[in-house]
Amino acid sequence: MNYREELKNKKRIVVKIGSSSLTHKETGFLNLEKLEKLVRVLTNLCGMGKEVILVSSGAIAVGRKKLGLSGKELTLAEKQACAAVGQAQLMMTYQKLFSEYNQSVAQILMTKITMMWEENKTNATNTFHELLKLGVIPIVNENDTISTYEIQFGDNDRLSAIVTSLTDADLLILMSDIDGLYTDDPNINKDAQFVDIVEELDDKYLAMGKSTSGSSVGTGGMSAKLTAAKIATYSGADMVIANAEDVNIINDIIQGKNVGTLFVANKNEKFDLIEEIK
Ligand code: GLU
């Protein structure tokens, strides 16, 4: 089976992009050029008849910049205030850019509670399905202003995998500041090998993430990405980690080109999503 070729047939695609990929490293301002390209690529996917969900970080980063709180350690309340300001600003920017292509978007903010309470979960699922049916691109983030340490998802890698599972999407693309999975931290170990495909996410791979988490392999941490891979693939979706440097890489993935690391779907009926995120 040519797994890369299969990616051409994906219908419902979740794309996650992180704060560091959306902002200029030197100043912390939004990278509007990259955002514009991303918006174009995603709208074009819709034009190809695909359904698209965007999981976007950046609320805290944008709010922090706007409120002049750069370069200092933030308290939880400050972070939540930044997120409240930043999320609105972020959505305004997305709305403006998407409207240039006449593409409707929606905002969905989630917390762990969304998943834990059956009724909440059902309503969230129904909303996603309705929006997709209407041709809208839902833009998802964690509801940082009301999440606390106890109820937060932790990171948007995991959140995007949860959204993939919740919406029965068939592909998750994690846009990151790394090319994909390496057998070790390539900055430390020059013998580290790039892994282009993971057909079965076994303990060997999960252990790889543990040993590299928190290292320069990725700011999101490879461990978080491997947890996301577990949630996505066990729920029946493929997942690709790709470098967000050039967002056109999303097109390469959809055309079946050999870019990033592909984790092949491996639906596991015994997998309990709620247990995993508790
Ligand atoms: N929800 C956070 C934000 O939008 C980001 C979390 C993450 O980067 O994983 O600022």
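Each ligand, and each atom within it, is numbered from 1 in the order the structure gives. This chain uses plain numbering: 1 for the first residue, then up along the sequence.
Taking distance alone, with nitrogen or oxygen atoms compared against 3.5 Å, N156 approaches ligand 1 more closely than that limit. Geometrically, ligand 1 and N141 share a nitrogen or oxygen pair separated by less than 3.5 Å.
The nearest pair of heavy atoms linking A237 to A169 is CB-O, 3.4 Å.
Following chains of ILVMFWY side-chain contacts shorter than 4.5 Å, one can reach I108 starting from L172, so the two form part of one hydrophobic cluster.
The OG atom of S165 sits 8.5 Å away from the CD1 atom of I274 when rounded to the nearest 0.5 Å.
Atom 2 (C) of ligand 1 has as its closest protein heavy atom D144 OD2, 3.4 Å. In terms of protein heavy-atom proximity, atom 8 (O) of ligand 1 is nearest to S57 OG, 3.3 Å.
Screening L42, V259, N44 against I250 for a side-chain contact (heavy atoms from CB on, under 4.5 Å) leaves a single residue, L42.
The closest approach between a heavy atom of A83 and any atom of ligand 1 is not below 4.0 Å.
Each of the following atoms of ligand 1 lies closer than 4.0 Å to a heavy atom of I60: 3 (C), 10 (O). Taking a cut-off of under 4.0 Å to the non-hydrogen atoms of D155, the atoms of ligand 1 that pass are 9 (O).
Although no hydrogens or angles enter the test, the distance criterion places a donor-acceptor pair under 3.5 Å between the side chain of S19 and the main chain of G58.
In summary, D170 and K11 do not engage in a salt bridge, as defined by a charged side-chain N under 4.0 Å from a carboxylate O.
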